[in-house]
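To keep things clear, I will list the structure first and then write my remarks on it.
Whatever order the structure lists ligands and atoms in, that order sets their numbers, starting from 1.
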Amino acid sequence: MSRNPRGFADCSWLREAFLDVPREHFVPDKVWWPAPGEDGRYPLIDRAEKPWAWLKAAYRPGAALITQIDDGAVSATGPAKGAFTSSISSPGVIVELIRHLDPEPGDSILEIGTGTGYTTALLVCRSGSAKVITVEIDAGLAARARACLRALGMDPHVVTGDGERGHADGAPYDRILSTASVRQVPAAWLRQLRPGGVLVAPLDSPFGCDLMVRFVGDGRGRAVGIPVAQVEFMRVRSQRVPRSYEELGWPAQVNSMPWTGLRIAADATGQRVTAGAALGGACGWQGRV
Ligand SMILES: C[S@@+](CC[C@H](N)C(=O)[O-])C[C@H]1O[C@@H](n2cnc3c(N)ncnc32)[C@H](O)[C@@H]1O
């Protein structure tokens with residue numbers, strides 16, 4: 001649930017980008033549907049066998065399609081069990097992420113978690129290939145995304161590496177977007193954000209979901225943010241192991257409070273979540289933290 005779900009409202013460039021970029025171009029021919037069947041396994045949707053079902057699934061507004069299970073240990077030959085490790089994010093969630101990222105034309109953008117490259121393509125529509133850098137930890141996924149983007153005439157810098165380190169070569173960035181969730185905001189992202197730059201990232205929370213948080217950085221390694229939506233994302237690889245919420249800066253019994261009123265401050269020493277900060281406008285996010 002989003003704090004201010006508005007679809008494409010006030011974001012006509014994003015609507016245009018959705019119309020311009022063919023999502024199906026980025027969807028692998030075989031993907032898993034994210035809800036298990038009666039046998040507990042995730043059904044495979046094979047384009048060759050069911051082209052219409054595959055296409056409909058690709059455009060379902062609320063559906064992420066699973067493109068990798070168990071870091072690639074499971075091959076896409078049939079229904080499968082295991083942990084989701086890559087996907088093409090759902091259209092609805094991508095709209096929310098990018099709407100809150102709110103990039104201006106020509107902004108320098110760092111994306112973490114390239115996946116299929118579909119979100120990257122939408123960012124390229126706004127900023128141009130030369131201004132977008134995307135980091136994917138899985139070399140095979142990075143290569144496939146690079147090829148898909150090039151086939152559409154897009155040539156952002158697709159880096160194979162650990163996105164938790166950001167990408168210092170292109171810093172500082174106007175915008176940083178993570179499409180993998182974190183338990184703790186990596187210090188590199190905060191350091192690599194320009195003063196007033198925006199970071200949007202899904203953050204693990206004690207609410208039984210991730211919170212999509214929109215941070216504004218001070219350019220000196222500190223950022224303050226508010227949650228703007230409840231989402232579910234795959235974790236960045238090195239933060240898969242659970243940690244205590246207390247250690248991660250969450251106050252006790254926070255889940256008896258409304259998630260919409262939280263404020264998250266993060267720097268190299270860690271993060272602190274406090275309650276009672278009504279920082280967003282009633283009609284959508286307008287201001288700076
Ligand atoms: C939810 S998927 C991204 C989907 C992408 N937005 C799309 O629509 O195609 C998350 C991705 O983050 C990647 N990932 C996980 N940990 C990472 C890390 N430390 N650095 C870079 N990428 C990482 C995963 O391999 C996966 O491809």
Side-chain angles (χ1 to χ4, degrees), residues 14 17-18 21-28 31-32 34 57-74 76 82-101 109-125 132-149 152 154 156-168 170 175-189 192 199-204 209-210 212 231-241:
L14 186 53
F18 263 75
V21 177
R23 181 171 160 88
E24 72 274 21
H25 171 74
F26 291 89
V27 178
V31 289
W32 289 280
Y59 280 93
R60 279 278 284 268
L65 301 176
I66 307 308
T67 57
Q68 190 190 68
I69 290 181
D70 290 347
D71 294 324
V74 175
F84 300 158
T85 49
S86 194
S87 67
I88 180 162
S89 307
S90 77
V93 165
I94 293 176
V95 171
E96 283 299 284
L97 284 170
I98 298 183
R99 196 168 67 73
H100 287 288
L101 190 69
I109 305 178
L110 174 68
E111 180 196 25
I112 291 97
T114 316
T116 63
Y118 176 62
T119 312
T120 322
L122 299 171
L123 298 174
V124 167
C125 287
V132 177
I133 298 175
T134 181
V135 188
E136 170 57 54
I137 202 161
D138 183 295
L141 294 176
R144 183 184 180 279
R146 198 178 290 118
C148 286
L149 288 158
L152 294 184
M154 297 181 176
H157 188 18
V158 180
V159 179
T160 302
D162 184 354
E164 281 199 67
R165 297 188 194 141
H167 189 69
R175 299 286 186 269
I176 298 180
L177 173 65
S178 179
T179 64
S181 79
V182 290
R183 299 184 192 278
Q184 179 160 355
V185 181
W189 300 358
Q192 293 174 16
L199 159 67
V200 174
L203 183 69
D204 176 37
C209 62
D210 296 324
M212 185 192 297
V231 285
E232 253 185 280
F233 267 86
M234 292 157 203
R235 212 75 74 204
V236 292
R237 276 203 192 169
S238 70
Q239 296 200 27
R240 286 177 181 164
V241 179

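The residue among Val236, Leu122, Leu97, Thr179 with a heavy atom at the shortest distance from atom 3 (C) of ligand 1 is Thr179. Of the candidates Thr116, Ile94, Val159, Thr85, the one placing a heavy atom closest to atom 7 (C) of ligand 1 is Thr116. If you check each of Val135, Thr114, Thr67 against atom 5 (C) of ligand 1, the one with the closest non-hydrogen atom is Thr114.
The closest approach between Ala64 and ligand 1 stays at or above 4.0 Å for every heavy atom of the residue. Heavy-atom separations between Thr120 and ligand 1 are all 4.0 Å or longer.
A salt bridge links Asp138 and Arg237; the closest N-O separation between the charged side-chain nitrogens and carboxylate oxygens is under 4.0 Å.
Of the protein's non-hydrogen atoms, Glu136 OE2, 2.6 Å is the one closest to atom 25 (O) of ligand 1. For atom 16 (N) of ligand 1, the closest non-hydrogen atom of the protein is Arg237 N, 3.0 Å. Scanning the protein for heavy atoms near atom 12 (O) of ligand 1, the closest one is Gly113 CA, 3.3 Å.
Polar contact with ligand 1: present for Ile137 (N/O pair, distance under 3.5 Å). Between Tyr118 and ligand 1, no pair of N/O atoms sits closer than 3.5 Å. Checking only distances, Ile88 never comes within under 3.5 Å of ligand 1, N or O to N or O. Below 3.5 Å of separation, one finds an N or O of Thr119 facing an N or O of ligand 1. Remark: ligand 1 and Asp162 share an N or O pair separated by less than 3.5 Å (distance only, no angle test). Looking at Asp138 next to ligand 1, no N or O pair under 3.5 Å apart turns up.
By the 6.0 Å and 45° rule, Arg23 does not stack over the aromatic ring of Phe18.
A donor-acceptor pair under 3.5 Å is formed between the side chain of Trp189 and the backbone N or O of Gly163.
Remark: Arg60 CZ is loosely packed, at most 12 non-hydrogen atoms of other residues, nucleotides or ligands lying under 6.0 Å away.
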